[in-house]
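What you see below is based on every heavy atom in this structure, not just the backbone, and it leaves out hydrogens, waters and symmetry mates.
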Amino acid sequence: MKQTITELILQAVTPLVEDTSSLNIILERPKSAEHGDFASNIAMQLAKPLKQNPRAIAQTIIDNLPANSVISKVEIAGAGFINFFLSAQSKQDIVKNIFQAGEAFGRNTSGQQAKVQVEFVSANPTGPLHVGHGRGAAVGDCLCRLLDANGWDVTREFYYNDAGAQIDNLTKSVHARALGIAPDDARFPEDGYRGEYIGDIAKAYLAKETVTADDMAVTASGDVNDAESIRKFAVAYLRHEQDLDLQAFQIKFDVFSLESALYTEGKVENAVQALISSGHTYEQDDALWLRTTDFGDDKDRVMRKKEGGYTYFVPDVAYHREKWNRGFKRVINEQGADHHSTITRVRAGLQALNTGIPQDWPEYVLHQMVTVMRGGEEVKLSKRAGSYVTLRDLIEEVGCDATRYFLAARSADSQLVFDIDLARAQTNDNPVYYIQYAHARICSVLNQWAGDSTTLANADLSPLESAAETALMQALSQYPEVVVTACQASAPHMVANYLKELASALHSYYNDTKFLVDDVQIKQARLALITATRTVLRNGLYLLGVSAPDKM
RNA sequence: CUGCUCGUAGCUCAACUGGAUAGAGCACCAGCCUUCUAAGCUGGGGGUUACAGGUUCGAUUCCUGUCGGGCAGACCA
């Protein structure tokens, strides 16, 4: 519909300007119904180059508009807006379109099944997932669903660091607990992890338990002094815990990548050699440096430390080089904003390889920090101090649907306050229930009608002309645009906002109009409309990973 | 000190990437269930979009500065 009107405008404008290729015809949905179904500001854009009054230009465009069946009325408003009012029938067509497409309604093929990899969560195996990871999980997974809906071939990937200083720290902490040293004991490692789960791991280790994670089974030796065995066991144990966290959050990854594998397979060494031979490195103070300032960084970075080990960004570069070699021309990294400084370094490292990787590859979606409130006070998220809110606790308290919705419904680049008491105590006020309730209400009506809803596909829709019906059909017709825009902006929260509006339109309609009336023609038209609404609610909730219950 | 980011109703957040009278939810006030689920609907009060400039037909949105919050700025990850 949008495209149809855009083309009509283009035809009308062509006689006025010499070069139509530079024209950017923007059609928007006016906030107020008084301003029609679509509005264009094209006349105001042309006012300057044509040196004419925008209202006069608007009038000329309207006069030039080709005859058509979709538009019932055109008006000039304000400073020179052109407002388009659709004919009743072209509004009603949306219901038929939805019936035809079903689950596919709103999906498009613009991605052309090109490969895209989304890396998200990527928590290190040093503790269970917390709310911050949850936000990454919710946003990342919705992003994947959006990309899929736009025709991309999506790979979900989880990268974790199973080597390095933090893992040593973890190993020491478990070792201490296995020796019976309490977290508040002076002999406990100073920067050790003090959470109670460390004690659980120590206990399981001493009991020689076996844990499975990433399809690998690890059995504890039970030997308190075998650091390597403790490390392997602790990592597997926590990866298993995180798997359970993700499972509770209903998120599935396609690929898990280990940092240690980059070393054992020689990928890190290869990347280092490639950087050296590309000529962007130098030795200084017994260390090997990468001249990242050549690529926009504010200072050069050390690659190999005096002690001989590599700094953390080297495996990062090796990992991303590997992503590129695996054929992902598009990669999106979803991560917390506290890691934003790595963006410049990783990109600089990839540029330094000189292998034709675009400067702005990979893409990043950063989410701001989550503040957790409980009892009116902020709960500090400190893994080492041991007091923090795990994702699984949260899911158990407020439910998977509500947790996902809360964490995905806000713009990623604004900080979010997660009030546990509010989410738990006032579950009825959770916005997600408002949307789900709209779906359940429709199911309930259709249930009482007890007819075959597929027969509604051919219903005569001409009775649908009330304000509530028009508003609902208008909301439905916006859905495909939301799928496109939310994906382009990498902004899943737009889907959540849209669904709230759609649910609102449905609830208003429900209170305004009785559906199960005696007049068969009217009844069928109304049932067709709410059935179409149910489809869109389902499709939209699916994008958020939230269930669409038949009953509540 | 430097960089990134955010600042919108009492609170939590939107605003279709520069559009028309800045919108929802919670909270507050007044109505709506003998009728398809009241987890709902309708109406009302509540705003100098942090502040000051600039760009243009038009700014919450873009630019500059100030103030305030968050996060980064290790040969830690």
Side-chain angles (χ1 to χ4, degrees), chain A residues 26-32 34-35 39 41 44-45 47-48 53-54 77-81 83 124 126 161 163-167 169 191 259 285-289 298-299 301-313 315-316 336-344 366 368-369 371 373 406 409-411 413-419 422 426-438 440-449 478 481-482 484-486 488-489 491 493-494 496-498 500-501 503-504 506-517 526-527 530 551-552:
Chain A
I26 298 169
L27 263 193
E28 59 182 26
R29 305 269 190 177
K31 290 171 190 161
S32 161
E34 293 169 31
H35 297 137
N41 61 356
M44 288 182 284
Q45 282 185 53
K48 197 166 226 184
N53 181 327
F81 288 101
N83 293 338
N124 286 341
T126 52
N161 174 329
Q166 294 309 321
I167 298 298
N169 203 356
D191 294 325
E259 184 187 20
D285 302 332
D286 298 327
L288 179 66
W289 296 69
D298 51 4
K299 56 188 272 196
R301 305 289 168 177
V302 168
M303 293 172 60
R304 195 194 309 116
K305 297 180 270 190
K306 277 181 197 161
E307 308 89 271
Y310 292 113
T311 55
Y312 72 92
F313 96 95
D316 271 0
D338 54 339
H339 290 92
H340 71 83
S341 59
T342 67
I343 298 176
T344 311
L366 301 180
Q368 294 293 322
M369 299 295 94
T371 310
M373 302 290 287
F406 258 74
R410 286 153 172 73
S411 165
D413 55 15
S414 83
Q415 297 170 42
L416 102 75
V417 176
F418 201 115
D419 187 331
L422 184 79
Q426 306 188 340
T427 49
N428 289 357
D429 294 328
N430 281 340
V432 64
Y433 294 123
Y434 181 79
I435 299 166
Q436 290 181 319
Y437 184 43
R441 270 185 151 175
I442 295 170
C443 291
S444 176
V445 172
L446 293 173
N447 207 28
Q448 289 184 39
W449 170 58
Q478 271 178 264
E481 295 162 28
V482 170
V484 171
T485 321
Q488 281 171 351
H493 76 279
M494 297 175 86
N497 288 331
Y498 166 78
K500 238 166 29 177
E501 280 170 32
S504 169
L506 185 277
H507 286 308
S508 294
Y509 184 36
Y510 184 94
N511 278 276
D512 175 79
T513 310
K514 187 157 167 79
F515 309 141
L516 298 174
V517 292
R526 289 175 181 172
L527 291 175
I530 63 168
K551 262 184 229 170
M552 287 178 71

Novice: How would you list, by chain and number, every residue that makes a side chain to side chain donor-acceptor pair (under 3.5 Å) with A/His493, sequence neighbours excluded?
Specialist: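 In terms of side chain to side chain donor-acceptor pair (under 3.5 Å), with neighbours along the sequence ignored, A/His493 is linked to no residue.
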Novice: Tell me, please, which residues at least two apart from A/Gln448 pass side chain to side chain donor-acceptor pair (under 3.5 Å).
Specialist: none
Novice: List the residues meeting side-chain contact (heavy atoms from CB on, under 4.5 Å) with A/Ala409, not counting sequence neighbours, and say none if there are none.
Specialist: A/Tyr405, A/Ala496
Novice: Anything under 3.5 Å between a protein N or O and an N or O of nucleotides 41-45 of chain B, put it in a table, one pair a line.
Specialist:
from	atom 1	to	atom 2	distance (Å)
B/C41	OP1	A/Tyr434	OH	2.5
B/C41	O4'	A/Asn511	ND2	2.8
B/C41	O3'	A/Ser508	OG	3.4
B/U42	OP1	A/Ser508	OG	3.0

Novice: For A/Thr485, what residues pass the side-chain contact (heavy atoms from CB on, under 4.5 Å) criterion, not counting sequence neighbours?
Specialist: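 Per chain and number, A/Thr485 pairs via side-chain contact (heavy atoms from CB on, under 4.5 Å) with A/Met494.
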Novice: I'd like to check the side chain to side chain donor-acceptor pair (under 3.5 Å) partners of A/Asp413; sequence neighbours left out, ordered by chain and number.
Specialist: A/Ser411
Novice: The criterion is ring pair (Phe, Tyr, Trp, His ring centres under 6.0 Å); which residues satisfy it with A/Phe418, sequence neighbours excluded?
Specialist: A/Phe406
Novice: Not counting sequence neighbours, which residues clear side-chain contact (heavy atoms from CB on, under 4.5 Å) with A/Val445? List them please.
Specialist: A/Tyr510, A/Phe515, A/Leu516, A/Leu527, A/Ile530
Novice: Mind checking what makes ring pair (Phe, Tyr, Trp, His ring centres under 6.0 Å) contact with A/His35, not counting sequence neighbours?
Specialist: none
Novice: Identify all pairs in which a protein N or O lies below 3.5 Å from an N or O of nucleotides 20-24 of chain B, and state each distance.
Specialist:
from	atom 1	to	atom 2	distance (Å)
B/A20	OP2	A/Lys31	NZ	2.9
B/A20	N6	A/Asn83	OD1	2.7
B/A20	N1	A/Asn83	OD1	3.1
B/A20	N1	A/Asn83	ND2	3.1

Novice: Identify, with sequence neighbours excluded, every residue that meets side-chain contact (heavy atoms from CB on, under 4.5 Å) alongside A/Glu501.
Specialist: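 Partners of A/Glu501 under the side-chain contact (heavy atoms from CB on, under 4.5 Å) test: none.
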Novice: Give each stem of RNA chain B as a range with a range, requiring at least 3 consecutive Watson-Crick or G-U wobble pairs whose two distances are under 3.5 Å.
Specialist: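 If one scans RNA chain B for consecutive Watson-Crick or G-U pairs, the stems found are B:1-7 with B:67-73, B:10-13 with B:23-26, B:28-32 with B:40-44, B:50-54 with B:62-66.
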